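Atoms considered below: every heavy atom in the structure, side chains included; atoms not considered: hydrogens, waters and symmetry mates. Chain letters run A, B, ... following the sequence lines, proteins first and then strands; every chain starts at 1. These numbers come from a predicted model, not from an experiment.
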Protein chains: 2
Amino acid sequence: MLSLVEENYLKAIYHLSEGGKEQVSTNAIADVIRTKPASVSDMIQRLDRKGVINYTKYQGVKVTNEGKEAALSVIRKHRLWEVFLVEHLNFSWDEVHEVAEQLEHIKSPLLIERLDKFLGQPKVDPHGDPIPDAKGIFRAKPQQPLQHLSEGSLAVIRAVKDTSSAFLQHLDKLGAHLGTQVKILEKVEFDNSMQIQLDQSPPVFISNQVAENLLVQEK
Amino acid sequence: MLSLVEENYLKAIYHLSEGGKEQVSTNAIADVIRTKPASVSDMIQRLDRKGVINYTKYQGVKVTNEGKEAALSVIRKHRLWEVFLVEHLNFSWDEVHEVAEQLEHIKSPLLIERLDKFLGQPKVDPHGDPIPDAKGIFRAKPQQPLQHLSEGSLAVIRAVKDTSSAFLQHLDKLGAHLGTQVKILEKVEFDNSMQIQLDQSPPVFISNQVAENLLVQEK
DNA sequence: ATAAAAATTTAGGTCAATCTAAAAATAATT
DNA sequence: AATTATTTTTAGATTGACCTAAATTTTTAT
């Protein structure tokens, strides 16, 4: 049984290792958890003892199968609650994160099973991230940062990488939502910004940062 | 800002003082919280420093106005979540307590405001307990233990005092729910049990304990 | 290949929340 | 009223989750 804090560490480690990297470093963890490397050092030794990660001194950590299962269970809960907040309590996609961070730690298998059913077993959360099923299985849709596409490409927004309020509110202003169609009209070499068209709206410029954080599926 | 544990102590103290008693004793708190009196002694000194209770050594504690507000906010959340679980996630009234004990500590005024609206601003929870509004105001319906009524009385079940699964499941078997009409057919002096009729069902005997925990409104 | 820089770990400390054992205060009983 | 019993508090320890400062290891750069 993991404590709330341990769950947060494990989730962070899992997310850091999602990017393909096998070994996750102490500093990287300290960064996401917003804590000191010394504290992380402490904690990863505890998580190692609990069997959810493998830790070798100075070499970073790797999530075990047991750890992956636990991490996915927390992620599943987080994303299901986000769906609930947006679809039933009228939250906007930039308001859900902090609350879901709390709700994800509620321990009740029955609750999650029932919530899942109530929501109609959704497959993605309001940011387009896939929701693992009860067994931790999920299918990641083929998607890439808008930045990677070339001039003239046509794509559909499927997810966002950054889920900060600032970014999401900016997208709202632009009219960029999940399912919105994007056409790349022009790529500016100078600063990697680009001019795009969202659905039938007039063309707009977006910065490199925005394009990096918009995950799209090419048509 | 109170910690989860502090909230639980405060809630317990508030509930203990609801029964009219001004001063709540260390042992009584230890009993409900299932902790040792020494730990309670520690904690009530902390809660006193935080201003939510007034503590005088060896004399017990009393909830302050500020404390009452905080306690009612937790109770409001607990009861709103119970309504949600029963009305939308198909929980039965004997399954909600433990989950609501966790959900009541989620901190998000927006969440509670929206949940309240979603649920249609309910006035009572699945056990008949009144739900305080955002300002902590609630109206307790006039009700008394069934045990207090005399032979021949007619009443309606409005709430339950005990909310343990064991008790609630027993009530389910008897067919006793909120809103069920009760007629007292006979009171047995020997053991304080009684024979009652629930709605149009055949008469049944109930023990003194059951009658003490059924809160009714006389007709 | 060595020195400097960066990352990581250890040592030692703090705070919240608990505990046990012992001391002190209050209440009950003869 | 004095003694006994009960309740409450204090003292001292423990565990989880953090911190700072110092030591160690690894990496990078000269």
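- Legend: salt bridge (charged side-chain N to carboxylate O under 4.0 Å, His left out) pairs involving residues 115-130 of chain B, not counting sequence neighbours, sorted by first then second residue: B/Arg76-B/Asp116, B/Arg79-B/Asp125.
- With sequence neighbours left out, the side-chain hydrogen bond (donor to acceptor under 3.5 Å, both in side chains) criterion links A/His127 to A/Glu82.
- Taking B/Lys107 as the reference, B/Glu7 meet the side-chain hydrogen bond (donor to acceptor under 3.5 Å, both in side chains) condition, with sequence neighbours excluded.
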- Task: Do nucleotides 15-29 of chain D as a string where each nucleotide becomes B, S or -: B if the base has a protein heavy atom under 4.0 Å, S if just the sugar-phosphate does, - if no protein is that close.
- Result: -SSBBBB--BSS---
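- The side chain of A/Asn27 lies closest to C/dA7 when the candidates are C/dT9, C/dA7, D/dT10.
- If you check the side chains of B/Gln217 and B/Arg158, you find a donor sitting under 3.5 Å from an acceptor.
- Remark: A/His97 engages A/His78 in a ring pair (Phe, Tyr, Trp, His ring centres under 6.0 Å) (not counting sequence neighbours).
- Between the CD atom of B/Gln45 and the P atom of D/dA11 there is a distance of 10 Å, given to the nearest Å.
- Taking atom CD of B/Gln23 as the reference point, atom C1' of C/dA27 lies 16 Å away to the nearest angstrom.
- Nucleic acid contact class of A/Thr26 (heavy atoms, under 4.0 Å, all strands): sugar-phosphate only.
- Among pairs with a residue in residues 12-64 of chain A, none fulfils ring pair (Phe, Tyr, Trp, His ring centres under 6.0 Å), at least two apart in sequence or across chains.
- For the pair A/Asp31 CG and C/dA6 C1', the computed distance is 14 Å after rounding to whole Å.
- Computed from coordinates, the A/Ile29 CD1 to C/dT9 P distance equals 9 Å when rounded to whole Å.
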